Colleague: 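Sharing a structure, written as structure tokens. Questions coming.
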Amino acid sequence: MKKRASFDSQVDQLAHLSKAIGHPARIAILLFLSETGPSTCQSVVDKLPYSQSTVSGHLQKLKDEGYVKMKLHRTSSIYSIEKDTILELYKLVQSVFKLGPEKKQLSLF
């Protein structure tokens, strides 16, 4: 019988949030929204080298995981970055890896 690993809740949360942005297209979409501001799916498609269906699928995943929010405007969906989730990810990385000015810095060697 396999032993089931039990992880700290912060480690679980970090893994979950990291998995949601674990595809380069999702990171590119987040960067686009961060730089451009609220945009339609079509605006993302026009600027990035991905098909409409690919962008739509990745936007849905990002929305489901809280990285973007969607607002309906007439016949379009407007997507914007959810900065609180990015900040949460940042804080989790700092905490889990004990990074920051008051904590011992991560040593790779």
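In this text the structure is predicted, and so the values were computed from the model without any measurement. Residues take their numbers from the sequence shown, with the count starting at 1.
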Colleague: Report whether Y90 and F97 are members of the same hydrophobic cluster (ILVMFWY, side-chain heavy atoms less than 4.5 Å apart, transitive linking).
Modeller: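 Different clusters.
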Colleague: Is any side-chain heavy atom of L89 closer than 4.5 Å to one of Y67?
Modeller: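 Touching, per the 4.5 Å side-chain cut-off.
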Colleague: Answer yes or no: is there a side-chain heavy-atom contact under 4.5 Å between L48 and F32?
Modeller: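 SC-SC contact between L48 and F32 confirmed.
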Colleague: What residues form a salt bridge (Lys or Arg N to Asp or Glu O under 4.0 Å) with K69, not counting sequence neighbours?
Modeller: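 Counting only residues at least two positions away or on another chain, K69 forms a salt bridge (Lys or Arg N to Asp or Glu O under 4.0 Å) with E82.
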Colleague: Between T85 and G66, which heavy-atom pair has the shortest distance, and what is it?
Modeller: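 Taking every non-hydrogen atom into account, OG1-O, 2.5 Å.
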Colleague: Could you tell me which non-hydrogen atom of Y50 sits nearest to which non-hydrogen atom of V45, and how far apart they are?
Modeller: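 Heavy atoms of Y50 and V45 come nearest at O-CG1, 3.7 Å.
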Colleague: For S39 and T36, does a side-chain donor sit closer than 3.5 Å to a side-chain acceptor?
Modeller: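 Side chains of S39 and T36: no pair found under 3.5 Å.
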Colleague: Considering all heavy atoms of both residues, which atom of L72 and which atom of S77 are nearest to each other, and what is their separation?
Modeller: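 Minimum heavy-atom contact is CD2-OG, 3.5 Å.
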Colleague: For A20 versus R26, what's the shortest heavy-atom pair and its separation?
Modeller: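 Heavy-atom minimum between the residues: O-CD, 3.0 Å.
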Colleague: So do D12 and H16 actually touch side chain to side chain, heavy atoms under 4.5 Å?
Modeller: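 No, their side chains stay 4.5 Å or more apart.
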Colleague: Could you check whether any side-chain heavy atom of E88 comes within less than 4.5 Å of a side-chain heavy atom of L92, counting everything from C-beta outward?
Modeller: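 Yes, their side chains come closer than 4.5 Å.
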Colleague: Just checking, any donor-acceptor pair under 3.5 angstrom between side chains of S43 and T40?
Modeller: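 Side-chain D/A pair, S43 to T40: present.
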Colleague: So, do C41 and Q52 sit near enough that their side-chain heavy atoms are less than 4.5 Å apart?
Modeller: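 Yes, at least one pair of side-chain atoms sits under 4.5 Å.
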Colleague: Should L62 and I21 count as side-chain neighbours, where that means a heavy-atom distance under 4.5 Å?
Modeller: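 With C-beta onward as the side chain, the pair touches.
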